Amino acid sequence: MDISEFCRKLPKVELHAHLNGSLSINTLQKLCKMQRSDTSCDETFMDLNTSNFSSLSECFKMFDIAHALTITPQAVFVATCDVIKEFHEDNVIYLELRSTPRAVEDVMTKTEYLQAIIKAIEASKSKFPQILVKLLVSINRKQGYESAEENINLAMQFMEKHPEHVVGIDLSGDPTEGDSFLELLKTSRKVGLRITAHCAEVPNEIETNDILKFKPDRLGHCTCVHPSLQGSQQLFDTLLESKIPVELCLTSNIKCKTVSSYMYHQFKYLYKAGHPITIGTDDKGVFNTCLSKELEILSSIFNIGKQQLKELSALSVQYSFASIEEKNNLTAVIENFD
Ligand code: 6MZ
């Protein structure tokens, strides 16, 4: 089996996927047609595949396209079903999907937004029993304290009602703006919600130190916690000491230009140090990638072999927010693959 086929067939674990960033061109077109009855949708999204961003903030504009199309519970349902189907088709057996609850005046409340995602997870369960899906409720760092508090309260309510689906909180959003709301995150931790926080996607030593001290269950990116970045060695050492698993998204960092080249990517340094890591797609629609492609990059750029890729997949299960029983089942599926 060549490496490309191996990466595709390997049972994989995706722990870092934002719902609205994961919509494929097919899904965007489908949602566009649901919204308008003309045929202009066919070409509208065609050039997205070749998108190259000049910066992180330019990449963030891409989310507006998906957000403009997921403004009803029905659209959110369709979008979630499609994303689950596509991860399943890439042989992802465990998916932690994260999304920021969104209200649209007179059309959808944040509660209805989350209900639509839960409905899609439940509908997909019978269609694609091979993939287990969990939901993390996101806080957008630039939307302010009230919105963050509202999302945390919703996450608590939904976890109480759907403990099998809603397992955690994600802190995300444009890292050049807003706050990390660590005090609020403390309250959600107390009730058993697991926490993953985007960290150091751009240089921000004070916030990075605060987040590392807070000790989330996982960290996203840690791009600027890098031994070769001036002044970052102490942060890197603190990160290694913390042993907090880091979710790494290679294509995303390269396309957003927060990392200058694959060879310089923090993967190399964390992997060499034996730090827990997991590979994710971030926004597979926006970055035109899939988890198999991300593993192929590890193989071609960093010479990571098949056995090591399989080990990375099995270790990701341990860093997931699944139950012990679910982890045992997922590990067995990965171990039985050859
Ligand atoms: C930080 C990101 C992100 O929540 O509407 N998001 N936050 N860094 C990134 N790196 C590129 N990629 C996506 O999905 C889209 C939202 O996820 C967050 C942003 O808040 C974006 O608006 P949902 O499903």
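As the structure lists them, so they are numbered: ligands from 1, and atoms in each ligand from 1. In this text the structure is predicted, and so the values were computed from the model without any measurement. Numbers here are sequence positions counted from 1. What's counted below: heavy atoms across the whole structure, side chains too, no hydrogens, waters or symmetry copies.
For L19, heavy-atom contacts with ligand 1 shorter than 4.0 Å involve the backbone as well as the side chain.
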_Quick one, Q233 with D237, criterion side-chain hydrogen bond (donor to acceptor under 3.5 Å, both in side chains). Give me CA distance, side-chain angles, the key distance, then yes/no._
CA-CA 6 Å; Q233 184 66 49; D237 292 342; 3.0 Å; yes
_Is there a side chain to side chain contact (heavy atoms under 4.5 Å, CB included) between V83 and F87? Walk through the geometry before answering._
CA-CA 6 Å; V83 167; F87 274 108; 3.6 Å; yes
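Judged by distance alone, the side chains of D282 and H16 do bring a donor and an acceptor atom under 3.5 Å apart. No side-chain donor-acceptor contact under 3.5 Å links Q266 and H221. Side-chain N/O atoms of N26 and S24 include no donor and acceptor closer than 3.5 Å. Donor-acceptor pairing under 3.5 Å is lacking for the side chains of N151 and T100.
Backbone and side-chain nitrogen or oxygen atoms of N20 are examined, and one is located within less than 3.5 angstrom of a nitrogen or oxygen of ligand 1. For ligand 1, none of its N or O atoms has an N or O atom of F287 under 3.5 Å away.
Scanning all protein heavy atoms for the shortest distance to atom 13 (C) of ligand 1 gives F63 CZ, 3.2 Å. The closest protein non-hydrogen atom to atom 19 (C) of ligand 1 is F60 CE2, 3.8 Å. Closest to atom 8 (N) of ligand 1, if we only count protein heavy atoms, is E201 OE1, 2.8 Å. For atom 1 (C) of ligand 1, the nearest non-hydrogen atom of the protein is G173 O, 3.2 Å. From the protein, the heavy atom lying nearest to atom 11 (C) of ligand 1 is D282 OD2, 3.4 Å.
Taking the six-membered ring where the residue is Trp, H67 and F63 present tilted rings, their angle falling between 30° and 60°.
The cationic group of K119 lies under 6.0 Å from the six-membered ring centre of F77 and within 45° of the ring axis, placing it in a cation-pi geometry.
Taking only non-hydrogen atoms, the option from C59, S138, S99, C249 nearest to atom 24 (O) of ligand 1 is S99. Looking at H18, H67, Q143, K255 and measuring to atom 2 (C) of ligand 1, the nearest heavy atom belongs to H18. Proximity annotation for atom 4 (O) of ligand 1: of D283, T100, L23, T80, T100 comes nearest, heavy atoms only.
Close approach of ligand 1 to N140 (heavy-atom distance below 4.0 Å) involves ligand atoms 20 (O).
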